[in-house]
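Remarks on the structure that follows.
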Amino acid sequence: MSKEYADKFATDIPKTYTPRDAEDRIYSAWLNSGFFAPENLPGERKEKFVTCIAPPNITGELHMGHALELTLQDIIVRMKRMQGHRTLWLPGTDHAGIAAQNVVEKQLAKEGTNRHELGREKFLERMWQWRDQYGGAILEQLKKLGLSVDWTRTKFTMDPGYQEAVKTAFLHYYQKGWIYKGTRVINWCIRCATAVSDLEVNYVTEKGKLYFIKYGQFTIATARPETKLGDTALAVHPEDQRYKEYVGKELEIESVNNSVSAEQPAEPKKVKILVVADETVDKEFGTGIIKVTPAHDLTDFEISQRHNLASIKIIDERGRMNENAGIRYQGMKTAEAREQIIKDLEAIDLVEKIEEYEHNVGRCDRCNSVIEPLPSEQWFLKMRELAKLALEAVESSRVKIHPPRWEGPYKHWLNNVRDWNISRQLWWGHKIPIEGENDVLDTWFSSALWPLATLGWPLLRQGSGGQASKNDFEEYYPTDFITSDRSILFLWQVRMIFSGMEFTGQSPFKDVYVHATVLTKDGKRMSKSLGTGVNPLELIEKYGTDALRFGLASQATGLQDLRFGEDLLVMGRKFANKFWNIARYVLIKLPEDYTWKIKKSPQDLQSEIVSKLDGLAVNITKNITQYEFAEAANSLYKFVWHEFADKYIEESKDKNDQETYDTLAYLTVTCLKLLHPFMPFVTEEIWSKIPIPGKNLLLVENWPS
RNA sequence: GGGCGCGUAGUUCAGCGGUUAGAAUGUCCGCCUUACACGCGGAAGGUCCCUGGUUCGAAUCCAGGCGCGCCCACCA
């Protein structure tokens, strides 16, 4: 190469790739091209490829889970786009019922008011104000990851069109008789003042006490003695010989008189109680006999249903003892009542012993308050037929779950699912479309419709929901795949599948990919509240988006959780820079009048390294298609660094023939394309510097296999 | 109580029946060699969790155990 030529490029292209200079500029170039929208893609594209983002909550903040999930999704989408598919990746956000309402309620509390003072209408105005101002923040953060999503189709789960979809779905179920109103023991969050689903209760092991209380001639072990006031039976196992003779009999036992005020000494009172036999009782636990409190325990509620027992509600929606608990306890919080009743029982010698005890306490997924099971009138959706549909979808391979080991839990869950409590006592959400109803629907009821509603289902009228049009649903449904963390497999994927099956007769996607969970270096959960989280935006600032993406992808085996350490990003950054310099070398090496070609390798390139790369391209394609991201990333890394750079470039240094030039050019262009899904920014930046006549953005160049 | 995943160099992970077990990162020693010091060359570093079994041969398959993590469940 000529000295002058070398000098020219040496000054044009810096020795080090600096992501910060390139990323925003390149992302703008992509946006300006319009290529994220399928209808703007160049060339003839017969096959479609469609996927939806897992909509983050409007209250959300970008975390490593997003970074991993969206990187992997973008890798697939970018490859498909380069392969010539009409790709659509649809973004949006979820209104996040409880979470979002909590945020605004906290604001109100600071202002010394609350939603009830404000009234429903004003409160909802505040909600919308908040969402207009802050609800898009998470999407702005997502852009930093370089995602090739179609922002012109951004959706929100409370868009007008979406509201229509929810209404249509509800009424459809209602008319089928699958939606009913009933009083059941449900999980009630005292702080959020709403029902929450079984899946939104976290059971945390906590230290407590196990109280052994005398019931006539028996002793019963309980962790919640205050619920004694709502007992309507005792239960034993049907095969327990010790108690067989008492089954079906009513016992007279001594209890505490709850109509005496708490200021006065405790006094005894005789009460009658029935003994029933039920399979669910564990003979081995405690004394083998349990007290049944149908109103405040889910198991006890079910026992009461089987045996036709009465239910006495003694705890109210604020977590305080109500009038049924008697004047002695009324108004006390459950914890206070527990202390009081133990004191009382001890006074009249009804406490046999108290043991230290570890047990599981249900806490609200959103606010961590203790969950109080209590009877409440709620709306339910019958799950029998829908569960069948979801099972059938998997069994008939209409939808495939990756990795396949998740099929087990999926089926198990559906085989044991109870009717879905779909009502929430919130204001922020989809109002139940029945005259006179104040409640809203569980957020997941609308999430369940995501792939349908975002594409414009149910085709009511055009333009009713932002840009979603009739054509989108017809053209792009069903989608090709969906991906998420395993934690929402039951909350979300299952429900999207049965919704799709019920409303369209098709699974809303062909593949569900359950990706790994990002853990800390020592295998702990990443959590903001524990301070174990890592902020992806800071990492991007420090290492660049490509480094983050490549680092994550290189560890995404799909089978194993990902222990995240910054050394991954060091590797990614170095690799991006390495490739930058490979390109720099090639640009300097090739003669000024060299003609770059983009289409395919010249016929005469038969060298070993060229065929190796062609073989690699086939494997990379296969890897990405099968969600083997780590394999793809690592084999690319190996080839680029140790074959291309270490061997071929070193050997090329004292060669100046046409074949060497062609080979260098071919290797560079092909590697750029293969690397693009993983490291879109640095590759696009290099691409822009390669003098290829008539080239388009690398984003839409043809995939090399 | 059921179920699942994982235990391999200091660290994060590949390898999943066959020559001296690999990569990245970290460490140490040389090199600013005209693409790259985010680099190049070299080195050290491993009872492949334990115990049995199958096999000519096991990190790899099987059984049991130990440890870590996760999911489901009506432990009162």
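Hydrogens, waters and symmetry mates are skipped; everything else that's a heavy atom, side chains included, is used. Residue numbering restarts at 1 for every chain, and letters A, B, ... go by the order of the sequence lines.
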Given B/rG26, B/rA35, B/rC38, the nucleotide with the shortest approach to the side chain of A/T16: B/rC38
Contact summary for A/N421 and A/A195, nearest pair of heavy atoms: OD1-CB, 3.4 Å
Sugar-phosphate, base or nothing in reach of A/H296, heavy atoms under 4.0 Å: nothing
Rounded C1' spacing from B/rA59 to B/rU51 in Å: 16 Å
Gap in Å between the two C1' atoms, one belonging to B/rU8 and one to B/rG46, rounded: 8 Å
Base B/rA35 paired with A/E650 side chain (donor-acceptor, <3.5 Å): yes
Phosphate-side-chain proximity, A/K521 and B/rU12, N/O vs OP1/OP2 below 4.0 Å: no
B/rG57 versus B/rA23 - spacing of their C1' atoms, nearest Å: 26 Å
C1' spacing across the pair B/rC56 / B/rC68, given as an integer number of angstrom: 37 Å
Plane angle bin for A/Y637 and A/F575 - parallel if under 30°, tilted between 30 and 60°, otherwise perpendicular: tilted
A/Y513 and A/Y627 aromatic ring geometry - parallel, tilted or perpendicular at 30°/60° bounds: parallel
Between B/rC40 and B/rC32 - P atom distance, rounded Å: 16 Å
Nearest-angstrom distance from the residue atom CZ of A/F564 to P of B/rU25: 15 Å
Integer-rounded Å distance: B/rC40 C1' and A/K647 NZ: 16 Å
Any A/K638 side-chain nitrogen or oxygen under 4.0 Å from OP1 or OP2 of B/rA14: no
Watson-Crick/G-U partner (both atom distances under 3.5 Å) of B/rC32: none
Sequence-aligned protein contact record of nucleotides 68-76 of chain B, with B where the base is within under 4.0 Å of a protein heavy atom and S where only the sugar-phosphate is: --S-S-BBB
Euclidean distance for C1', B/rC28 against B/rG10 (whole angstrom): 13 Å
Test log, rule side chain to side chain donor-acceptor pair (under 3.5 Å), inputs A/H307 and A/D278: CA-CA 9 Å; A/H307 301 276; A/D278 198 278; 2.8 Å; yes
Centroid separation A/F218 to A/Y246 less than 6.0 Å: yes
Interatomic distance, A/F550 CZ vs B/rA24 C1' [rounded to whole Å]: 10 Å
No-H, no-angle donor-acceptor pair, A/K578 side chain to B/rC36 base, under 3.5 Å: yes
